[in-house]
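Values below: all heavy atoms of this structure, side chains included; hydrogens, waters and symmetry mates excluded. Chain identifiers are assigned alphabetically (A, B, ...) following the order of the sequence lines, protein sequences preceding nucleic acid strands; residue numbering begins at 1 within each chain. All of these numbers come straight from a predicted model, not from anything done at the bench.
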Amino acid sequence: MSRTARIRLFWAAAVVFAVAYAAACTGLPRFGTLAHPYATRAVAAALHQRTANVVSSVNFDQRAFDTLGEESILFAAVLGTIVLLRHARDERTGRPRPGRVLPSTRLLGMVLLPVTLLTGVYIVAHGQLSPGGGFQGGVILATGLHLAYVAADYRVLKRIRPLAFLDAADAAGAGAFAALGLAGLVAGGAYLQNVLPLGTFGQLSSGGLVPVVNAAVGVEVGAGVIVLLAFFLDQAVEVRSPEEHGTGGGG
Amino acid sequence: MNGAANGAVDEYLIVVALLLVTVSATAAALTRDPVRQAVLLAMLGLSLAVLFTLLQAPDVALSQLAVGTAVTPLLILLTVRKVRRAPGPRNGRDRRGDGARR
Amino acid sequence: MRTADLLPLAVAVPLLGAVALVIGGRWLPRVATDALATVWAAMDVADLAWLWAGTGDGHSVSWLGGWYPRRGESVGIVLAGDRIGIGLALLTATLVLAVIVYSWRYFEEPPAQHAGTFPALILLFEAGMCGFALTGDLFDAFVFFELMGAVAYALTGYRIEDPRPVQGALIFGIVNSIGAYCSLLGIGLLYARTGELGLAQIGSALQTHRADALEVVAFVFVMTGLLVKAAVVPFHFWLPDAHSVAPTPVCMLLSGVMVELGVYGAARVYWTVFSGPHGIPHPHLRTAFVAAGVLTALVGAVMCWQQRHLKRMLAFSTVGHVGLFLAGMALLTPAGTAGVALYVAAHAGVKAALFGTTGVLLDRHGSVDEHGLHGRGRDLPLAGAMFTLGGLALAGLPPFGTALGKAVTEHAAEGRFPWLSAVFVVVSAATGGAVLRAAARIFGGAGPRPQEHYAGPETTGSGEEPEIRDPQRRIPAPMLAVPAILLCTSLAVGVLPALAGSLARAARQFTDRTAYAAAVQGHAIAPAAAVPDVGWSTEGVALALASTVLAALLAAAAIWGPALAWRGMGTARAALRAAGRSVVLPLRRLHSGHLGDYVSWLVVGVALLLLVMAA
Amino acid sequence: MTILPFLAAGWIFLAGVHGMVTSRNAIHAVGCLAVAQSSTYVLLLAVGFRRGGTAPYFSDTSLRTRVVDPVVQALALTDVVVGATVTALLLGLAMQVRKRHGTVDPDALTGLKG
């Protein structure tokens, strides 16, 4: 198909799509409607489980199986990236040049790095109480670590990033989630049933299984995203194709 | 509880954030250059985070901020960096055309 | 242990297996990794076989997290399996086990330090497919749909040294993701209307509202993702590009079950959510989806016949058969559903066996080009026999299960669409004939070596990067044993009446939305419809034999036809050439391998579906 | 206002798809996929909004406070993760396409056809 034909075809179809979708929107309850049957039940269930953050209760307790699937996707994507961005037979790695970093940048990075890591841990730990949780905290931890790349250089980042361990931690986090679900079966309930003591409402230990699963997710996401970024960085900075003569380099 | 007037202000803010999201999404889709697109995607992520905060979804806003404004654009930039640095084709097939290096 | 607890385990077991492989693969030797993967795959087969036996003709229902419904309402996710869903999961697990055994010695170079990655990804793929087959929650279905998608993109692009897999995987990923997001928009619309996410719950909530634009649009959007996965025309363009380039063991899973899961999902969602009194009316859906199925089947058959790249040929044959499955499901009768269930089970074995045998050729000769391999398969008599048998089974040779499934579906269509039998015969003959043609040329060296030049667009299949590094070694025994066993299972589907009988009773459950909704709520009721008859009939055997003979004739005509010098052959040849120019060439041009084209066609498909369903 | 957020979601989806149709660069197409996906977040959260509702946390508020729908937020969270991971995989594939074909222009990627 020529480019013009393709775009014309798309526009013809898009007009139909747009008209039908707009017609469908007129049938929706108006924006801000008060009737949400599932939501009402979910809030009641979360309070019953003594989980102050209802979203966490839905994510890690009521609809925990969705989250198990979601974490498996992340796990699969990390494995997939390891496979797709592995070093091919005809590639070799080059040594990245040590980059020069402005002292002010280095200072900023050195200050920000611990702050970011602490923030990440805090957000993971308080997932069942306040906004945040394993996923958000994990991503912040992972991106925070890469401040080392900004502040120092690629080799420093490589030193503080034990990939082999993180790779296993990613798998272990995903496995812990799936295995914690078995606790419910062992206790005579259903898979992923929240069988731990629920604790006091509003406390760090409240919510039963929720903080535990949350922590497992935090470990998995943090480790997984670091591995993911590591393989992309590795390709962008280190891997050389045979014909490649450019020096590239880090920093 | 918020008063009625307060609610109305909130709704205006939501409309503004929605427009911001729509405009940055359209711009990100229309840009041709992947680097500029990465920047626009980060802006889209930021405006989505604002919208989600206004829609009372701080959890999602936080995720969107971490993923949409940081990780995804970063991955795109790394990919572009790799793509721009690599030389011509390896296997000799598909020699013509080089959209990435224009 | 209750039977229903086996439902979540069917997903959890492969997940844990993947974790064990990733962690253990670091220091275990290759043999141990393979053994570990095999044990884990076998455990899931055992789990699902137990579940199949324990569920009987009813449903197994598991409310995850113990969120049992109170006064008919729950906040949790439900897994609900009847023997159609569980059977499909069992088929998946069996095929995964076969694939893992097949690839024991397959990849010589797993990623350094990550030896268990390939089997781990296969197990994650299994978890995604089983979760999708067993779930009774629409959003949960989306999550597991995405899981199987994400793993499939990575597995398709596994051979990064070869240029074609990475390209096919990229197209596969983008097109399928658009479909999935379209489905998610539909789920959002349904949630806005009903405030529910469970299939049965949405279905009953929709009853309180008359059908309007919102419901039709939501239906079309949700269907889009599933039909993209099922590769229904015009959503099918990604399939040949992905299936012809993926590693052979992965092809076995993609063509054997993943695509069929798309059809299953579409049927499940329609029956449980939209088939009620205020939903999408049966006649409307039947006309639209039978038409889509027939179109898909014909496009698949024509394109399959044209291919010389063996994997691409098999991929298009999957498109053709999926069209038949969709048409059979869209009859909306228990008999049609039972026929398709049998057909899918038998087709999975045959198609996986054919891909497996192609893998042997790729191993030996580093090529999957029908023309280039002419006569070079003579040293592989066993593989040749299996490839030929696979072709015959694909065409519908009794007593293979493919023939039984086809016969039952044809019989089910007789009342409303008597002409559908002709489509079934032609499509299975063309796809089986193409395989037989290739078998005779490659393994028998039959006929003259085909002329190399073809003016139109073509993917040849020569110069593939071999998937195994050492062409001198003996063919590993599993690579021949697994296809043989798979052919035997396909035969078993046809000759074991007990299996057909239980699928017939399951089909009765599958097509009854009240029975499903009641089972989810915890009080089982017997379905109202009669159990369809699924035995062999004289008429069915006759049609099956007809398609087999037609396939053989087509293959013979393609091989020896050009050399014949009858009177009148000239005109026949000219007519064929004219048809080729006016129909086949434009059709082949549409399969351009261009991402933008495929995305446009996807939107066109959505628009067509919207127009048809709104009409 | 009553249907504006829903319409915006549809617009964003079509804009993203348009970007993919006209794309001349596979990396750009993956970016457009991310745009198309953001439409699903907007739709889900717009569906779950309750007028006058606050965020669904009960740390320091009364247990009878009206809150917005937490279920769609959980769904959107899952969706964000799914989107990010799929994007990462596709970008990895795009990188390999560039290495093996020397281009990421769909017009020049003609290995598979017919």
Side-chain angles (χ1 to χ4, degrees), chain A residues 31-32 53-56 58-59 70 74 77 81 85 88-91 94 116 119-120 123 127 130-144 146-147 149-150 221-222 224-226 228-250, chain B residues 1-2 4 6-8 10-15 17-18 26 29-30 32 34-35 38 42 45 49 51-92 95 97 99 101:
Chain A
F31 178 67
N53 179 349
V54 185
V55 180
S56 281
V58 175
N59 252 332
E70 165 208 315
L74 179 65
T81 311
L85 297 184
R89 282 188 290 275
D90 48 0
E91 286 170 340
T116 323
T119 315
I123 289 181
S130 55
F135 179 72
Q136 296 91 330
V139 175
I140 291 174
L141 271 175
T143 19
H146 287 82
L147 281 173
Y149 181 47
V150 179
V221 173
V225 174
I226 294 176
L228 205 71
L229 284 171
F231 272 79
F232 272 86
L233 269 172
D234 176 54
Q235 285 288 332
V237 178
E238 278 197 81
V239 172
R240 297 273 197 291
S241 313
E243 300 92 334
E244 214 168 297
H245 304 301
T247 39
Chain B
M1 299 280 327
N2 291 343
N6 212 341
D10 276 356
E11 292 211 351
Y12 281 118
L13 283 177
I14 291 175
V15 173
L18 205 58
T26 315
L30 290 180
R32 288 271 157 261
V35 174
L51 176 67
F52 297 165
T53 313
L54 291 173
L55 289 174
Q56 303 297 328
D59 253 324
V60 190
L62 201 54
S63 291
Q64 183 57 35
L65 208 57
V67 169
T69 51
V71 177
T72 308
L74 181 62
L75 289 178
I76 292 185
L77 288 177
L78 285 173
T79 312
V80 172
R81 175 178 169 153
K82 172 72 182 172
V83 160
R84 296 229 162 131
R85 222 190 42 178
R90 179 83 50 76
N91 290 30
R95 266 193 189 278
R101 287 206 290 182

Go through Pro58(B), Ala66(B), Ala70(B), Ser63(B) and name the one with the most non-hydrogen pairs under 4.5 angstrom from chain A. Ser63(B)

Sole residue of Val80(B), Leu74(B), Leu78(B), Thr79(B) in side-chain contact (heavy atoms from CB on, under 4.5 Å) with Ile76(B): Val80(B)

Taking side chain as everything from C-beta outward and backbone as N, CA, C, O, which of these in Leu77(B) sits under 4.5 Å from a heavy atom of chain A? Side chain, backbone, both or neither. neither

For Phe135(A), is it the side chain, the backbone, both, or neither that has a heavy atom closer than 4.5 Å to a heavy atom of chain B? side chain

For the residue pair Gln235(A) and Lys82(B), what are the closest heavy atoms and their distance? O-CD, 3.1 Å

As a quick check of understanding, evaluate side chain to side chain contact (heavy atoms under 4.5 Å, CB included) for Ile140(A) and Thr116(A), giving each step before the final call. CA-CA 7 Å; Ile140(A) 291 174; Thr116(A) 323; 3.9 Å; yes

Thr81(A) side chain to Ala77(A) main-chain N or O, any donor-acceptor pair under 3.5 Å? yes

Quick one: what part of Ile123(A) sits under 4.5 Å from any heavy atom of chain B, side chain, backbone, both or neither? side chain

Among the listed options Gly137(A), Gly32(A), Ala236(A), the residue most often paired with chain B at heavy-atom distances under 4.5 Å: Ala236(A)

Give me the atom names and distance for the closest heavy-atom approach of Ala42(B) to Thr69(B). O-CG2, 3.0 Å

Asn53(A), part contacting chain B, at a heavy-atom distance under 4.5 Å: side chain

